[in-house]
Amino acid sequence: MFQPLAYEITRLATSLSEARAIAEEEARLRDTAQALWTPERLRISVQSKLKRNRLFAVSNREPYEHSYQGDSTAWRIPPSGLVTALEPVLRACDGTWVAQATGDADRETANDLGQLRVPPDHPQYKLRRVWLSKQEEGGFYFGFSNEGIWPLCHIAHTRPIFRTEDWNQYQAVNRKFAAALLEEMHGENEPFVLVQDYHFALLPRMLKESRPDARVALFWHIPWPNPEAFGICPWQQQMLDGMLGADLIGFHIQAHCNNFLATADRALESRVDQEHFAVIRRDHETRVKPFPISVAWNGEDAAMPASESSATERARLLHRLPIQAEFLGIGIDRVDYTKGIPERFRGIERLLELYPDYAEKLTFVQIGAPSRTHIKRYQDLMVEVEQEAERINRRFGTGTWSPIVFLKRQHSHEEIQPYYRAAEFCLVTSLHDGMNLVAKEYIAARQDEGGSLILSRFTGASHELPDALIVNPYDTDELAQAIHTALTMPADERQARMARMRAVVKEHNIHRWAGNLIGELAEIRLEPAKAGQPERRDSRAQNNVIRFKTAEAGRTTREIDEELGITADSVCQMLPATPPNGKLSALL
Ligand code: F6P
């Protein structure tokens, strides 16, 4: 009878101590004059929001990939905006990141459970790797995620392909990641979980059903289309239902949130609270909010070495290519059909037609990291990009000058910086893009307040950066004119635009994104009745780990039950809190 009262009193006391902690934190940040979000401010904020709870992140892409180089192993950071964005959060709170193992030396560099501390040169948090079979990777990553959902969510005129076998693998891999996460979360009270991206639409519900005490956020890094477009997906209801297991769903911009709410309203039995931007389904509320992702800000870092002038740097880069030119433009992308790379090459071509004076003066360098190369559409695109560059170079090039240089390999962050600093303009011409972090990286790199950003109006970034030269990438003439404008703009106007864009990126940096996301998640009120007692909860979670793992091995729970002569549920009741070698699979 007194239980509800006791709960309310405990909650009140907790709220009071939370409020005090937050006030103290704010006072501390004021004292250290940190109005700006910095790694330190994020660390303090995350720790005060998490209290004693642990943070878990899950993504398909891992932050560090090990490969063999001769007899030894080396590591690299894959080209992924998601990795750049999440890393500071994990570092700030010594969290656990669960991701797919993709390096050929990944096994050798982790323990038997696939765990290791990273960054490899300065360990600050735990990475738990999950291995997929060729078949799983084919159906889950290349198939359903990247031939289905990716073109479904981007309006770039590539048809989505939905195969039942891919969908089966997508479900199985979501279960496999759920099992790995539940193992990692075992014994942790009220954990925070940040699920990343369209690879894991089903994961929030799987987690929440096993661990109702967890606070689960899903951040969707790509656009969300209108309900008609999303309705093409034969499994739209299952996808939406899986996502709505989360307490919080984040998109980059409000328009994507609105599309999502409209889709949920149209496709599912649910109630959409338009006023509070939430969906209520099966008595569970999911908040839907925009969190525009960004980059780290070290734009005025006094510790950074004073760089050469952009003119000197430009001359050095061009000399190395080797190209004789006066003006340099830059584009940096994964080679993906959403990025509008052939469109921007045609913009350069049109510029040379309209303004022949740029011949032998302007070179555009496109850095293109090969991506998703097993998919035919990506193979075709690579051929198209190479052929377009060759065609335009044949048409205008001379012995010592080419209008386009295509550098086909992934470049590290350090290799890219000189290009950003030296280029008179950066071309971001996505046909559709959730945010586009290249646009923000270019701005962050321009400490000299030089350079112009030419930005597609179909990127999330264009909503925050009206001082860019905003273009429609399908309009080749507009693109050519924008490049001409960038090159002929009065210096003071160029500087004023860049200064304003820098102020936006400085304030709305990645630490703020992470701080806001975790802050919002911390405010979610857990439903105590559903959370249950820790012992019962842990046993339910362990039960689900078994279910997920048996399903993964292609066996039904009933088959296991029959083989054991007892039910999987009753096995779970008998399980010790921590299984013999920490692995539940050992019990099967
Ligand atoms: O833009 C969406 C996204 O999933 C990012 O989050 C990620 O950085 C990028 O695509 C890379 O894709 P992939 O992991 O398939 O190489």
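In each ligand, atom 1 is the first atom listed, and ligand 1 is the first ligand listed.
Checking Arg129 against Tyr64 by side-chain atom types alone, no donor-acceptor pair falls below 3.5 Å. At a cut-off of 3.5 Å, with distance as the only test, no side-chain donor of Glu384 or Tyr337 sits close to an acceptor on the other residue. Side-chain contact annotation: Ser80 with Arg61, donor-acceptor N/O pair under 3.5 Å absent.
Checked against the 6.0 Å centroid criterion, the rings of Tyr198 and Trp150 qualify as a close aromatic pair. For Phe162 and Phe144, the gap between ring centers is short of 6.0 Å.
With sequence neighbours excluded, no residue forms a side-chain hydrogen bond (donor to acceptor under 3.5 Å, both in side chains) with Asn174.
At a 4.0 Å heavy-atom cut-off, the residues surrounding ligand 1 are Arg61, Ser80, Gly81, Leu82, Tyr141, Trp150, Asp197, Tyr198, His221, Ile222, Arg334, Arg372, listed by chain and number.
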